[in-house]
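The structure appears below as structure tokens.
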Amino acid sequence: MAHCSDTLEFIHTAIAQNLTEELAIFDLLTKAEINLTQQEEQEVKQVARVLLKTLKKEKLVLDWKKRRQIRASVEVAIKDSLDRLPQSYSDELYEQKCQEVYQHVYENYSGQGSIYDAGA
């Protein structure tokens, strides 16, 4: 029975961790003076989810910050993902959000995990 409890706790932690990471990126993307419809908010959530999945699966390798080519590929992945933001985002706001998200990823993700892994 203890095994089942441990498994459930692990699942809840993993779910909370993913939601926390997605929420951090979602918050960055919606932090400006921008009015989004509910549909656009859902689109932004999806962009955040896909971006996070792509980065963690393909880009954030060991020592990624030390290699210029990998840092550039992270930046391109962010720009490609954020290019799917709703039309409510002006070109200027898009560029600002690309920089903010890159800075967030650079500061919070190493090749060995993220700050969000600390509670797991």
Side-chain angles (χ1 to χ4, degrees):
M1 198 61 139
H3 176 69
C4 183
S5 176
D6 290 343
T7 301
L8 284 175
E9 183 177 325
F10 174 78
I11 291 170
H12 287 291
T13 301
I15 290 170
Q17 176 185 329
N18 256 356
L19 292 177
T20 301
E21 288 180 282
E22 287 177 21
L23 183 59
I25 292 176
F26 176 78
D27 284 347
L28 283 172
L29 295 175
T30 58
K31 193 165 60 170
E33 295 286 329
I34 186 167
N35 294 319
L36 298 173
T37 66
Q38 284 185 334
Q39 173 63 32
E40 288 173 328
E41 277 190 23
Q42 291 304 316
E43 291 173 27
V44 173
K45 286 178 187 177
Q46 182 64 20
V47 166
R49 186 174 300 117
V50 170
L51 171 61
L52 192 57
K53 185 177 180 180
T54 299
L55 290 176
K56 291 176 91 176
K57 186 175 181 180
E58 301 171 11
K59 304 296 179 186
L60 301 179
V61 297
L62 186 63
D63 292 334
W64 74 271
K65 295 179 187 179
K66 295 179 182 177
R67 297 169 58 197
R68 185 174 16 150
Q69 186 176 3
I70 296 175
R71 286 193 317 266
S73 76
V74 167
E75 193 168 7
V76 167
I78 290 169
K79 288 184 175 200
D80 286 350
S81 290
L82 298 192
D83 199 34
R84 295 179 182 94
L85 288 170
Q87 293 296 317
S88 303
Y89 287 79
S90 66
D91 290 344
E92 181 180 323
L93 187 56
Y94 161 80
E95 288 296 331
Q96 176 187 336
K97 295 303 175 184
C98 286
Q99 289 190 357
E100 289 175 6
V101 170
Y102 179 81
Q103 191 64 38
H104 171 78
V105 169
Y106 189 86
E107 291 172 357
N108 295 293
Y109 291 83
S110 68
Q112 298 171 337
S114 74
I115 62 165
Y116 305 101
D117 296 334

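Residue indices begin at 1 and follow the sequence shown. Nothing here was measured: the structure is a model prediction, and the numbers come from that model.
In this structure, Lys65 forms a cation-pi arrangement with Tyr106, its terminal cationic atom sitting closer than 6.0 Å to the ring centre and no more than 45° off the ring axis.
Interatomic distance, NZ of Lys31 versus CZ of Phe26, reported as 13.0 Å (0.5 Å rounding). Taken from CD in Glu22 to CG in Asp27, the straight-line distance is 11.5 Å, to the nearest 0.5 Å. For the atom pair Ile78 CD1 and Leu55 CG, the distance stands at 5.5 Å (nearest 0.5 Å). Remark: Gln42 CD to Thr37 OG1 distance equals 9.5 Å, nearest 0.5 Å. In this structure, Ser73 OG and Arg67 CZ are separated by 9.0 Å, a value rounded to the nearest 0.5 Å. We find the CD1-NZ distance between Ile25 and Lys45 to be 14.5 Å, quoted to the nearest 0.5 Å.
The pair Glu21-Lys56 meets the salt-bridge criterion, since a charged nitrogen lies less than 4.0 angstrom from a carboxylate oxygen.
Of all heavy-atom pairs spanning Pro86 and Val44, the tightest one is CD-CG2, 3.7 Å.
Contact of the Asp80 side chain with the Asp83 side chain is not registered, since no non-hydrogen atoms from C-beta on lie closer than 4.5 Å. Taking 4.5 Å as the limit, some side-chain heavy atom of Leu29 sits within range of a side-chain heavy atom of Leu82. Ser88 places none of its side-chain heavy atoms less than 4.5 Å from the side chain of Asn35.
Under a hydrophobic clustering in which Ile, Leu, Val, Met, Phe, Trp and Tyr are joined whenever their side-chain heavy atoms come within less than 4.5 Å, directly or via other members, Val76 and Val50 fall into different clusters.
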Verdict with reasoning, Gln103 to Glu107, per side-chain hydrogen bond (donor to acceptor under 3.5 Å, both in side chains) | CA-CA 6 Å; Gln103 191 64 38; Glu107 291 172 357; 2.8 Å; yes
After noting the C-alpha distance and the side-chain angles of Tyr102 and Arg71, does the key distance pass the side-chain contact (heavy atoms from CB on, under 4.5 Å) rule?
-> CA-CA 9 Å; Tyr102 179 81; Arg71 286 193 317 266; 3.6 Å; yes
Show your working on side-chain contact (heavy atoms from CB on, under 4.5 Å) between Glu41 and Thr30 and close with a plain yes or no.
-> CA-CA 8 Å; Glu41 277 190 23; Thr30 58; 5.5 Å; no
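Exactly one residue among Leu60, Leu51, Leu52 makes a side chain to side chain contact (heavy atoms under 4.5 Å, CB included) with Val105. That residue is Leu60.
Trp64 contributes a side-chain N or O that, together with a main-chain N or O of Tyr109, makes up a donor-acceptor pair within less than 3.5 Å. A donor-acceptor pair under 3.5 Å links the side-chain atoms of Lys97 to the main chain of Leu28, judged by distance alone.
Donor-acceptor pairing under 3.5 Å is lacking for the side chains of Glu95 and Gln99.
Partners of Tyr94 according to the ring pair (Phe, Tyr, Trp, His ring centres under 6.0 Å) rule, which considers only residues two or more places apart in sequence or in another chain, do not exist here.
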